[in-house]
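Numbers restart at 1 for each chain; the letters A, B, ... are given by sequence-line order, proteins then strands. Because only heavy atoms are used, hydrogens play no part in the values below, and waters and symmetry mates are left out as well, while side chains stay in.
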2 protein chains.
Amino acid sequence: MISTDDEDLKTHGYSEWSTVNPNTLPVAVAYPRSTEDVAAIARICHRYRVPLIPFSGGTSLEGNFSAPYGGVSVDFAFMDRILQLNKDDMDVVVQPSVGWQDLNQTLADMGAGLFFPVDPGPTAKIGGMVGTNCSGTNAVRYGTMKDWVVNLTVVLADGRIIKTRRRPRKSSAGYNLNGLFVGSEGTLGIVTEATLKLAVVPEVYSVGVVSFPTIRDAATAAAGVMQAGVPVTCLEIMDEVQMRVVNLSGNTAPRTWKELPTLFFKFAGSKASVAENISTVQAITSRNRGEEFEFAKDEREQQLLWSARKESLWSMLALRKEGQDVLSHAGSTDVAVPLSRLADLIEVSKQEMDELGMFASILGHVGDGNFHESIMYNKQDPSERQKVAVCVHNMVNRALNMEGTCTGEHSIGWGKKESLVKEVGQETVDVMATIKRSLDERWILNPGKIMDVPWMRKETHPAKGDVVVTPIRGVEKKASVE
Amino acid sequence: MISTDDEDLKTHGYSEWSTVNPNTLPVAVAYPRSTEDVAAIARICHRYRVPLIPFSGGTSLEGNFSAPYGGVSVDFAFMDRILQLNKDDMDVVVQPSVGWQDLNQTLADMGAGLFFPVDPGPTAKIGGMVGTNCSGTNAVRYGTMKDWVVNLTVVLADGRIIKTRRRPRKSSAGYNLNGLFVGSEGTLGIVTEATLKLAVVPEVYSVGVVSFPTIRDAATAAAGVMQAGVPVTCLEIMDEVQMRVVNLSGNTAPRTWKELPTLFFKFAGSKASVAENISTVQAITSRNRGEEFEFAKDEREQQLLWSARKESLWSMLALRKEGQDVLSHAGSTDVAVPLSRLADLIEVSKQEMDELGMFASILGHVGDGNFHESIMYNKQDPSERQKVAVCVHNMVNRALNMEGTCTGEHSIGWGKKESLVKEVGQETVDVMATIKRSLDERWILNPGKIMDVPWMRKETHPAKGDVVVTPIRGVEKKASVE
């Protein structure tokens, strides 16, 4: 099925959550129903040099599924099935449009005793999760997407179909193509099927929060918990502004929380080990001026509290005044740094944000040294836009100076290419481009993401902040005979 | 420093532990002292199209550092320093010839409270460990080499130097080059420096063994422990023959062990969690006809017992009669399968080995579905050689039929290329070759490993089992202009 409906094109090429959107849309949306369908689409697009952009949940934040060069958006809406559950092997075979929450609901309904632990935004789907090497609050215990992929079925640029591996949980057989395709944002191949490891559901969970007088104390305590090797399941930070957002949202009503810098902990395991971990963590937090722990009283409150954290972006959105836009809590502000630099970076960034005089907050996966800023501002006001841009720019630079990364989990997409070059250097990006070219000589797979198309030039439209793309005359020819 | 000493060339091109050795040696051994030295060597070799083969511990088992096309062995003997310990960040920067045991000894001496958990053969070094994506007994809890690399400094085929990442523990910035270079056996670039994550040393350890009437019972119990999600640190299997080898070796004297199929467990964590894990595991093993647990009485006995497991290859070697050779416990027999198939595969393989009428045993990292066979046989006896070859061949095929892999941790090297094609298919190997060609057009980086050089033909010399390599006339030219 192919759609050229205007609304469909817009949904597949534009995202209000994205920090950046090019001023173009795909020319069509294809809805394949099988790997063979995708291969057929790829063969045609390869022949006519038409860009191919995979699409599943559409929740990414850096224009990852945008269509700066037009082309066909490949929406996996009809490839949303769990194909096979291998309970005894603790793995599952899924299509790209399976949502991680739906997968976990299905596993729970079946009483499988297993779950998929990678937990990005609630509506994210496996295809995009593979593309961005996403993570989420569980990453501190369970790692990121790349750690949970057993094998992938991939359609290459010219329509060939490969499978990266068979189904062992461990292998050293040849190049780790799983590791390469995960996080490559559909620029090297289109993933049509994935075998994922599953984890055993812990016996009990406990969710606790603890407030600190300053954000530095909270960040220092978080690093201390990691350095002590306590196997916490989640370790999140939220500043006083973000706590206020939770209260204002009413998501955990009637319960409200102190509007102070706060650490959220999730503990999991056996009853005894959870109790022990809590006591170890309490010792560390109180050494860092943490108050008493407050625990969620029951499973319902645990879920409310956790969903308050997970839905913080939406809570921010719900609070915005007319004309205000949220610079998504992700987007340009997804830095991660070595643990020892965390408190410094958070403190300085927070201070700078406060000086902006705007409604801004910090939250993040502090156990991984990874955090985000949410800033509410008026996109129509050039001076506000400028201030936010400077603030975000400074934050990324500061993280890089601390040997960190510009993106802990949201990936590069269309929006962060310049930061990537700054982070790893042009020669390393050249190596990525060499690999890209070797697997996609015609540069049809999600072109313009992670790195520029060698023969295209990107310009920012000064009036709108939109991006205009123009081919550089003569370069295409040169590049293609290199 | 460059050596052309005969003994040196032999040490760097031949391994008695390897399942296969080509009939050639490197023409020289280079001993660089810095990344810049390696880059200079690469530039020269690139210019003159001379193969470059990285060498560190020399413990690999599939001819990974052999020199089928001659060339220069790059021995990192003088690049053996720990460059930087970032205690608060829980990472360390090392050169390729740092041994993992030495690294851990240094960390212990410093009282860092941290260790590097990837534990392959005792004398393995970081360079080769990165090359093969190795693992070891800790993998069931801590994962494999690829999970512990933060960034790599890599010298490319033409001498360019890149760094894959900065130093955050988590990142989604561009292609995961760590994941690609780890396990690529020096065929894509030469690693000269690595930043590795470290883990926190657990409060206590406990080592326990439990015997079973049959190997099937032991394997079933092992799968049961994994399916219950018990966070064991190690879960090893040894059959009755291997237990006899431990007793005969005298390594744990005066203590001896029952010569029955046995599971080795290592537990780690807080005292309470270790006690709890042991009790959960005991319930599972006794359901599977396991006897009572025997625990190592103190730390000395723990270490003796564990080293008995780790040194099983050497124990086997010590027991061999004159003229007998060990088909290393690794080598061709490093299969891994989904957990549910483990008991079947081990049982059938064991039966086939017994029917050989040779001294053969099974041991392995059964928690990962990964195990090895050790077979002692007389290399000079064509009929024994033939029988072993058939047995190994069958075992690999059986694992592949069970959706497994031909190599859980020792990688492909020179010896397992045909199995790789069988495992993932020619089209997937072609993708690997495409990536290889893009980064090393002249095919000078460890050529002949993982995949054949497109323009060379491999032949087995019928009399000696050695391998003779001859260029295919005319193909080189064709390949180089593709």
Chain B interface, residue from [options] that has the most non-hydrogen pairs under 4.5 Å:
{"options": "Ser340(A), Ser171(A), Gly229(A)", "answer": "Ser171(A)"}
{"options": "Asp430(A), Val431(A), Thr407(A)", "answer": "Thr407(A)"}
{"options": "Asp368(A), Val424(A), Ile450(A)", "answer": "Asp368(A)"}
{"options": "Arg165(A), Arg169(A), Arg160(A)", "answer": "Arg160(A)"}
{"options": "Gly404(A), Ala139(A), Gly179(A), Pro338(A)", "answer": "Pro338(A)"}
{"options": "Leu198(A), Val200(A), Val201(A)", "answer": "Val200(A)"}

Under 4.5 Å from any heavy atom of chain B - which part of [X]:
{"X": "Leu177(A)", "answer": "side chain"}
{"X": "Ala173(A)", "answer": "both"}
{"X": "Glu276(A)", "answer": "side chain"}
{"X": "Leu342(A)", "answer": "neither"}
{"X": "Thr144(A)", "answer": "side chain"}
{"X": "Ser135(A)", "answer": "side chain"}

No-hydrogen, no-angle side-chain donor-acceptor test under 3.5 Å, [X] and [Y]:
{"X": "Lys170(B)", "Y": "Asn370(A)", "answer": "yes"}
{"X": "Asn64(B)", "Y": "Glu185(B)", "answer": "yes"}
{"X": "Ser172(B)", "Y": "Ser411(A)", "answer": "no"}
{"X": "Thr187(A)", "Y": "Ser184(A)", "answer": "no"}

query = Given Leu152(A) and Lys163(A), is the side-chain contact (heavy atoms from CB on, under 4.5 Å) satisfied, shown in steps?
reply = CA-CA 6 Å; Leu152(A) 298 169; Lys163(A) 193 157 179 175; over 6 Å; no
What part of [X] gets closer than 4.5 Å to chain A, counting heavy atoms only: side chain, backbone, both or neither?
{"X": "Leu400(B)", "result": "both"}
{"X": "Ala223(B)", "result": "neither"}
{"X": "Met90(B)", "result": "side chain"}
{"X": "Asn176(B)", "result": "both"}
{"X": "Asn133(B)", "result": "both"}
{"X": "Leu420(B)", "result": "side chain"}
{"X": "Ala228(B)", "result": "backbone"}
{"X": "Lys146(B)", "result": "side chain"}
{"X": "Met226(B)", "result": "both"}

request  = Apply side-chain contact (heavy atoms from CB on, under 4.5 Å) to Leu339(B) and Asp88(A), showing your working.
outcome  = CA-CA 7 Å; Leu339(B) 280 177; Asp88(A) 289 345; over 6 Å; no
message = Can you confirm if the aromatic rings of Phe115(B) and Tyr142(B) lie within a centre distance of less than 6.0 Å?
response = yes
inquiry  = Does Lys422(B), at its NZ atom, have more than 12 non-hydrogen atoms belonging to other residues, nucleotides or ligands within less than 6.0 Å?
reply    = yes
query = Testing Thr195(A), Thr164(A), Val150(A), Val154(A) for side-chain contact (heavy atoms from CB on, under 4.5 Å) with Asn178(A), which one passes?
reply = Thr164(A)
message = Using 0.5 Å steps for rounding, measure from the CE atom of Met129(A) to the SG atom of Cys134(A).
response = 4.0 Å
note = d(Met432(B) CE, Leu180(A) CG) to nearest 0.5 Å is 10.5 Å
query = Top residue by heavy-atom pair count (under 4.5 Å) with chain A, among Ile161(B), Ile162(B), Asn86(B), Asn277(B)?
reply = Ile162(B)
ask   = Among Thr280(B), Asp91(B), Leu188(B), Val182(B), who wins on heavy-atom pairs under 4.5 Å with chain A?
value = Leu188(B)
task = Evaluate the side-chain contact (heavy atoms from CB on, under 4.5 Å) criterion for residues Met402(B) and Arg166(A): first the C-alpha distance (whole Å), next the side-chain angles of each, then the deciding distance (0.1 Å), finally the verdict.
result = CA-CA 9 Å; Met402(B) 293 176 175; Arg166(A) 296 202 181 196; over 6 Å; no
key: Heavy-atom closest pair, residues Ser273(B) and Ser273(A)   = CB-CB, 4.4 Å
task = Starting from the C-alpha separation in whole Å, work towards a yes-or-no answer on side-chain contact (heavy atoms from CB on, under 4.5 Å) for Glu403(A) and Val337(A).
result = CA-CA 6 Å; Glu403(A) 299 182 73; Val337(A) 291; over 6 Å; no
